[in-house]
Amino acid sequence: MNNELQPIGVFDSGIGGLSALRHMMDVMPDRRFVYLGDTARVPYGNKSADTVTTYARQCASFLLSHNVCMIVVACNTASAVALDLLTHEVTVPVVGVIDPAAAQAAFVTKNGRIGVIGTRATIGSGAYEVAIVRHAAGRNVQITSQPCPLFVPLVEEGWLDHPATELIAREYLRPLQDAGVDTLVLGCTHYPLLKPLLARLMPGVTLVDSGECAAHTACSLMTSSSIQSDLGERLTVYLTDGAPQFRPMAEVFLGRTVATPSIVSLDTHTTLGT
Ligand code: DGL
């Protein structure tokens, strides 16, 4: 198949990655997308790097079997621990969420104090620190990182502006406030839904949405390499588990109606490199 007819593949540990896909669909209105959410094995954020890497390779392999022209790793955790490996193993361009967000944070900070919030695995990997320092290119930056594991279930519960969420957010954000950050990287697919709350608790701080940054990077790659996908059915969604709660939640993340997802198993899929 010619590149011009190929969709862009996007994967995440679950449906949270639809928050990044939402931006991709906005900035690339003429592209077709295949989305894979590994809902049977979500969350990735509290699993080991080895396990997440195995899952990420299976997700990439699944998308490649759908003849995608590019893979966007919408999951921060998978990007943090598996992006380098995927980039080497996969023959199409692979875009993660960490590097674009790190570049944006290094660009917008005025006082050089940057906060990063994410899952335990993302923060534990140190991937954001490495990428921000690289993009700061010798400028002095002070990075304060904070895992916020309770945000994912709170968002999935729909408690976006609930007193319990605010209480927990105040606790998580205190070290970042104490550090005087002027920029906060939302290093998890779920956190953009908490933007109104985070903006209220961190007034004057620039919030960097990693999914939105990655959407712009993917878009510029598509344009510069003139890889095109065709018009037609814009989005095909595959999930590895079809629990009924995913559907309404998916529409909150994507901000659009989601067609009935197909349920697939990744067990039968060859892991890349094996
Ligand atoms: N998608 C994950 C991330 O962005 C959050 C949910 C999970 O822990 O799997 O890190």
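Just so you know, ligand 1 is whichever comes first in the structure, and atom 1 is the first atom listed for that ligand. One-based numbering along the sequence shown.
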May I have a table of the N/O to N/O pairs between ligand 1 and the protein that fall below 3.5 Å, each row giving the two atom names and the distance to 0.1 Å?
{"unit_1": "ligand 1", "atom_1": "1 (N)", "unit_2": "Asp12", "atom_2": "OD1", "d": "2.8"}
{"unit_1": "ligand 1", "atom_1": "1 (N)", "unit_2": "Ser13", "atom_2": "OG", "d": "3.1"}
{"unit_1": "ligand 1", "atom_1": "1 (N)", "unit_2": "Thr189", "atom_2": "OG1", "d": "2.9"}
{"unit_1": "ligand 1", "atom_1": "4 (O)", "unit_2": "Asn76", "atom_2": "N", "d": "3.1"}
{"unit_1": "ligand 1", "atom_1": "4 (O)", "unit_2": "Thr189", "atom_2": "N", "d": "3.0"}
{"unit_1": "ligand 1", "atom_1": "4 (O)", "unit_2": "Thr189", "atom_2": "OG1", "d": "3.3"}
{"unit_1": "ligand 1", "atom_1": "8 (O)", "unit_2": "Tyr44", "atom_2": "N", "d": "3.4"}
{"unit_1": "ligand 1", "atom_1": "8 (O)", "unit_2": "Gly45", "atom_2": "N", "d": "2.8"}
{"unit_1": "ligand 1", "atom_1": "9 (O)", "unit_2": "Ser13", "atom_2": "OG", "d": "2.6"}
{"unit_1": "ligand 1", "atom_1": "9 (O)", "unit_2": "Tyr44", "atom_2": "N", "d": "2.6"}
{"unit_1": "ligand 1", "atom_1": "10 (O)", "unit_2": "Thr77", "atom_2": "N", "d": "3.1"}
{"unit_1": "ligand 1", "atom_1": "10 (O)", "unit_2": "Thr77", "atom_2": "OG1", "d": "2.6"}

Does Lys47 use its side chain to pair, donor to acceptor, with the backbone of Arg41 at less than 3.5 Å? yes
For Val81, the hydrophobic cluster (side chain heavy atoms closer than 4.5 Å, chained through members) also holds Tyr44, Val52, Tyr55
Applying salt bridge (charged side-chain N to carboxylate O under 4.0 Å, His left out) as the test, list every pair that has at least one member in residues 134-151; sequence neighbours left out. Asp99-Arg134
For residues 11-22, which residue pairs qualify under side-chain hydrogen bond (donor to acceptor under 3.5 Å, both in side chains), counting only residues two or more places apart or in two chains? none
Could you verify whether a donor N or O on one side chain and an acceptor N or O on the other, from Thr122 and Ser125, lie under 3.5 Å apart? no
Taking 4.0 angstrom as the limit, do Arg57 and Glu89 come out as a salt bridge? yes
